[in-house]
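The analysis underlying the following values was restricted to heavy atoms, covering all of them including side chains, and did not include hydrogens, waters or symmetry mates. Residue numbering restarts at 1 for every chain, and letters A, B, ... go by the order of the sequence lines.
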Amino acid sequence: MIIKSTNINLKHIAESGQCFRMNRMDDNKYSLIAFGKYIELIQTDRDSVEITCSEEEYQLLWKDYFDMDYNYNEIVTVLIQGKDEFLKKAAEFGRGLRILKQDIFETLISFIISQRKNIPAIKSCIEQLSVKYGERKVSSTCDNKEYYTFPTPERLAGANIEELRKAGLGYRDKYILKTSQAVLRSDIDIIKLRELNSGEAVRELLNLSGVGIKVANCVSLYGLHHIESFPVDVWIGRILKDIYHNKFDLELYNGFAGIVQQYMFYYIRSQNKEDIKP
DNA sequence: TCCCAGGTATTTT
DNA sequence: AAAATACATGGG
């Protein structure tokens, strides 16, 4: 299945810190586990991507997952033609980034794990959790590739805390357990969060163990696709302080600040990472 | 070996 | 109410 788009870049998406189960296999080729499925993606040229799935599965799942109905060119153009020099560079550099529509529970648990960990360590934890508590599957389309789906709330809520910790969670083990149990008991209805606006959803999420303002905003942005949510982590915090002297005007990007945040995050980190430089 | 990582909860001023 | 501090583990 081939996707044509003037604004999709697998490398940018995979390396932008929004998802943790999309991995580079070799140049231009990535594997991805999401929604219980395994696919491989190839950047065949600047404007096209090949996915190892049927047309039907693409229409049913991946088209939405990659947010293909949204016009990212419009935002990139606004930023590149705008007056903000930093965002101009960030948008030029990150052209092809998209905000994925990820599973809400996986996003919630993943970003609880993310606190005080670097991205490789986060990925490692999530992979270990999946092997331990997910479902083993074999991809029929990708050379019988073996993979493990992300655990369900039931599986994590029923986990033994010592066993959980062996996945490298550290002190976060109790957060994962409590939050999974809260989801299972429907103390919070994570499906209904979709019906709320971003502010209301964040407020609900803050009741969960291990979820503070930053993680709540990440869940809102990446799990609920509230593209106005603007997570502030150490990197974004440094940008707001060092580049904008704490005078960054979010109102300028009302309604899509989360996407702007993603260009910022990806760009600033590229400055410090050889392997992401263009 | 040392430092720090897409922060949060708890304790202390 | 605001500010300091503890927290587990592993990647670089």
Would a 4.5 Å heavy-atom cut-off, applied to side chains only, mark [X] and [Y] as touching?
X: A/M68; Y: A/W62; answer: no
X: A/E40; Y: A/S139; answer: no
X: A/K132; Y: A/K166; answer: yes

Among [range], which contact DNA chain B at a heavy-atom distance under 4.0 Å?
range: residues 159-181 of chain A; result: A/Y171, A/Y175
range: residues 251-264 of chain A; result: A/Q261, A/Q262
range: residues 224-243 of chain A; result: A/P231, A/D233, A/V234, A/W235, A/I236, A/R238

TODO: Tell me which of A/K117 and A/G210 sits closer to the 5' end of DNA chain B, going by the nucleotide each one is nearest to.
DONE: A/K117

Task: Given DNA chain B, 5'-ward residue of the pair A/S209 and A/F265, judged by closest heavy atom - done: A/F265

Whole-Å distance between [N] [atom2] and [X] [atom1]?
X: A/N207; N: B/dA9; atom1: CG; atom2: P; answer: 10 Å
X: A/L108; N: B/dG7; atom1: CG; atom2: P; answer: 16 Å
X: A/I268; N: B/dA5; atom1: CD1; atom2: P; answer: 13 Å
X: A/I122; N: C/dA8; atom1: CD1; atom2: P; answer: 18 Å
X: A/I126; N: B/dA5; atom1: CD1; atom2: C1'; answer: 14 Å
X: A/N118; N: B/dA5; atom1: CG; atom2: P; answer: 9 Å
X: A/K123; N: C/dT9; atom1: NZ; atom2: C1'; answer: 18 Å
X: A/I99; N: B/dG6; atom1: CD1; atom2: C1'; answer: 13 Å

- [ ] Please report the closest heavy-atom contact between A/A159 and A/L177, naming both atoms and the distance.
- [x] O-CD1, 3.6 Å

TODO: State, to 0.1 Å, how close A/K123 and A/F20 come at their nearest heavy-atom pair, and which atoms those are.
DONE: CG-O, 3.4 Å

For [Y], does its backbone N or O pair with a side-chain atom of [X] as donor and acceptor, under 3.5 Å?
X: A/R136; Y: A/Y148; answer: no
X: A/E57; Y: A/S54; answer: no
X: A/E50; Y: A/T44; answer: no
X: A/R98; Y: A/Y70; answer: yes

NA contact type, [X], heavy-atom cut-off 4.0 Å: base, sugar-phosphate, or nothing?
X: A/L221; answer: nothing
X: A/S110; answer: nothing
X: A/Y222; answer: base

Open item on the list: Does A/K241, at its NZ atom, have more than 12 non-hydrogen atoms belonging to other residues, nucleotides or ligands within less than 6.0 Å?
Closed with: no

Open item on the list: Are there over 12 heavy-atom neighbours, none belonging to A/D143, within less than 6.0 Å of that residue's CG?
Closed with: no

Task: P spacing across the pair B/dT11 / C/dA8, given as an integer number of angstrom - done: 13 Å

- [ ] Write down the distance separating the C1' atoms in C/dA4 and B/dG6, rounded off to the nearest Å.
- [x] 22 Å

- [ ] Determine the interplanar angle of the A/F248 and A/Y253 rings, folded into 0 to 90°, and report it as parallel if under 30°, tilted if 30 to 60°, perpendicular if over 60°.
- [x] parallel

Task: Selection from B/dA5, B/dT8, B/dG6 that lies nearest to any side-chain heavy atom of A/R116 - done: B/dA5

